[in-house]
Amino acid sequence: MKTIFQASGISKHYGTTCALRDANLVLKAGQIHALMGENGAGKSTFVKILVGAIRPDSGALVLDGQPVVFGSVRDALKQGVVPVYQHSTLFTRLTVLENLSAFGLGSAQRSWARNNCLDRQQATEVLSLVGLDVSLDSLVDELSLGERQLLEIARGVGRRCSVLILDEPTAALGAREANRLHQALQVLCAKRTAILYISHKIDDIKRMADAVTILRDGLTVVNAAARDDISAAQIVQHMLGQTFEPQALCVSTRGEVVLEARDIRLTPTAQPLSLCVHQGEVLGIVGVAGSGALRLGEVLAGAASGHGGTVSLNATSEVVNDRQSAMRAGIGYVPSDRHADGLFLGLSALQNASASVLRGFSSWGVLRLREEAGPFDALIAQFNLNPPRLDLDAAYYSGGNQQKLLFLRNLVLPNLQVLVVLEPTRGVDVGARESIHQALRALACRGIAIIVVSSDLLEVNTLCHQLLVVASHQVAGRMMADAQTDAVLSMMAGAC
Amino acid sequence: MTTLIKQHPAIALGSRIGVIAVPLLVFFLCVLFVPRFLSVDNLQNVLRVGSILLIAACGQTGILIVGGIDFSMGSAVALLSVVTVILAPELGVALAFTGGICVAVLVGLCNGLLIAYLKLPAFLVTLGMLLVLHGLASLLSGGMPLDAAPSPGFLWLGSGHVAGIPVPIILALLAVLSLHGLLRYTLVGRSWYLVGTNFNAALNAGLPARRMVLLAYIVAGLFCALAGAILTSRVGSGQPNLYPDLAFATIAVCAISGIPLNGGRGSAVQVVCGTLIIAMLNNAVVLLNLTSAWQQLLMALVIGAAVVLPQLSNVRRRCVHLLRGNAQ
């Protein structure tokens, strides 16, 4: 197979830390190459170098046999290296067609020199190439997350694209949408595009990738191993640098009912749903993207309001209206989008972790700053927070460690009774995932009720006692956790 | 994605030193090149003039930290002065000033309620307030400055001395210290940083985010009232055009001191340094006998430099890229 894009000897330092050391990568036409590694292993840095967002300290890029130096992402785009990011960069208030042609504006030619509007014929072709079946005139707002991801890829391949770089493309997608995406990638492969696929999902990698490269602490520990030469267990082992053993199921026992939700409607027309959670119980709420599962989690935590219905705590019969009252009642919350809704980037990790318990270390409105860090000392070690200190800007931490900060914020709540966590391990590496799961189990054993909303069936199956399946904003089924995965999948897909 | 690469700690420390270094540099330049700058009388004058700006800028800082902005300060102090002068003959000086101060705090309350609870954009609310209050002040005064009945009590805030130190300077010092304490050591101050950094996250963390925004505008109203009272006492009259561009001057102070407009950052030390730079430059321009046109141009230059310099490497990279792009 022909080599399209090659990076050799790439190194990058930030201050005294070495983010990437002598990394090599060979992308071949029609091949899907997986890039894996824990958060903080250097994947992001590597990708940013490949797409021209940052310059390496040393090393060279070769595209189609020609050495290239990218001054900017635009430079890279011009030459056919197209990144598609985990966080959507679409214009949600514009139509599909407008989004497709807006990207054209950034392309090689001066914008006034030619007619930029992609004609409808071309646009339709591009959409069908990635298997996206939506009207050109529908607003991006109306598309599901999976459709948006496909549109984003369509926007990338609508131009001259010889190398496609996908960052966690299935992180936000349900199983069905992920399948659709994979089919689209197969089509692109057949058209001899080289694809770099960055993901934490080992299943995806085993199914899709032709070759696997694994980074750890900035070093390349596996370089382009063929898919069949490396097992899933080996991948995990290489990423972590140690063997990884899945934990046994939660052993906590169920107590009294803590939280009760009655007659909640997620949309004005949906059937009302009710549920209750017991002490020490882990309730899993699963549903594909756009099914309303996340919305239900937000309503239970008081972060969003449903259409009618009440959420109340049994002990105090307190009704939850917003996050403030929920917090008083002892409902902790970890939102699904940690950057937009959870973290205070630019403030220190300590300020992030203590945000919910300011009153706990203040008297008459004056903070006792000496006491602020106290409760966290033990938790940092328990969670393997890396770096193990709280005085750094929260933006310095990798995704998994940022997620841990959000957990720390809730773990120190004095009257924590219920913890609602949405997508607790989305975009998080295997190591962090395990610490987070352990912490959830430990909490359940302490008698705290936990509600996990996730699109990751493996996760809910290992964590939860009970499952609630949501489809089309309604309850599609309830079952015990060790139910057949296929049954759950069909329910999730059911009413969609 | 963009937030992942942050300032290196060493650079952050450098910029912290820079905050204090720049006013020192300006000071030495003025000492070297501006005749009669270095005298006790003149320096005291710099501080006295700067104190009013400093107090108002303290209020603006709180608002900028929660991610808002206040354009209405200029009219608020004008309305305060007119109300105070009208009330003075009937209620006595002390009560008249109290009444005036209440008016300015009320303005802050209105701004805060409209912005925090009705979720209107701060830019428009305070710009509208600027016009409304100016109209009110003009109506009340008949469009003309009203002279206050001369009394030593009325002039004390602006021109009095305590232990040989001018009262405005003492009040400015108190204002800065209380802002510093508020921001660093109180629940409210901490909440302001959290709310200004990420409003949604603050809500989700269970903070009373809207109340905190409201509080920032009320506190700004208080600072603004103090500045207005001193100003009224200094000029000894109620004027609908007392200090029309006060709000813009405070925003300039914040820009020079490196407080970003998108919230979450800012400190009392920064405000002091920013105010000192502007106060010294204003004084130097007067001493050098430059016209007010030059004065404004110089100010624009300084603010421009303050905004561009911290971004210098970015700006240079973009320029290089633009030029290279054109050459291709």
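Every chain is numbered from 1 and lettered A, B, ... according to where its sequence line falls, protein lines coming before strand lines.
When each of Ala201(B), Gly181(B), Pro208(B), Ser191(B) is scored by its heavy-atom pairs under 4.5 Å with chain A, the top score falls to Ala201(B). For the set Leu182(B), Val188(B), Leu187(B), Asn200(B), the count of heavy-atom pairs under 4.5 angstrom toward chain A peaks at Leu187(B). Ranked by heavy-atom pairs under 4.5 Å with chain B, the first of Met327(A), Glu298(A), Gln351(A) is Gln351(A). Per-residue counts of heavy-atom pairs under 4.5 Å with chain B were compared for Val366(A), Leu347(A), Leu343(A); the largest is that of Leu347(A).
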Q | Audit row: Gln324(A), Arg211(B), side-chain contact (heavy atoms from CB on, under 4.5 Å) steps and yes/no | A | CA-CA 12 Å; Gln324(A) 235 182 300; Arg211(B) 202 185 312 153; 3.5 Å; yes
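Proximity of a side-chain donor or acceptor of Thr197(B) to a complementary backbone N or O of Phe344(A) within less than 3.5 Å is not detected. Without hydrogens or angle criteria, Asn204(B) side chain to Gly342(A) main chain gives no donor-acceptor distance under 3.5 Å.
For Tyr333(A), the part lying near chain B is the side chain, with the backbone staying farther off; criterion is any non-hydrogen pair under 4.5 Å. For Leu369(A), the part lying under 4.5 angstrom from a heavy atom of chain B is the side chain only. Proximity to chain B is absent for every atom of Arg328(A), based on heavy atoms less than 4.5 angstrom apart. Using a 4.5 Å cut-off between heavy atoms, Ala326(A) does not touch chain B at all. Using a 4.5 Å cut-off between heavy atoms, Ala202(B) touches chain A through backbone and side chain atoms alike. Residue contact with chain A, scored on non-hydrogen atoms closer than 4.5 Å, involves the backbone of Leu203(B) exclusively.
Side-chain contact between Arg190(B) and Ser354(A) is present, with at least one heavy-atom pair separated by less than 4.5 Å. The closest side-chain heavy-atom distance from Leu194(B) to Leu358(A) is below 4.5 Å.
Between the CZ atom of Arg184(B) and the CG atom of Leu367(A) there is a distance of 11.0 Å, given to the nearest 0.5 Å. Here the straight-line distance linking atom CG of Leu207(B) with atom CZ of Arg323(A) works out to 10.0 Å at 0.5 Å rounding.
The two residues Ala355(A) and Ala205(B) come nearest to each other via the heavy atoms CB-CB, 4.2 Å.
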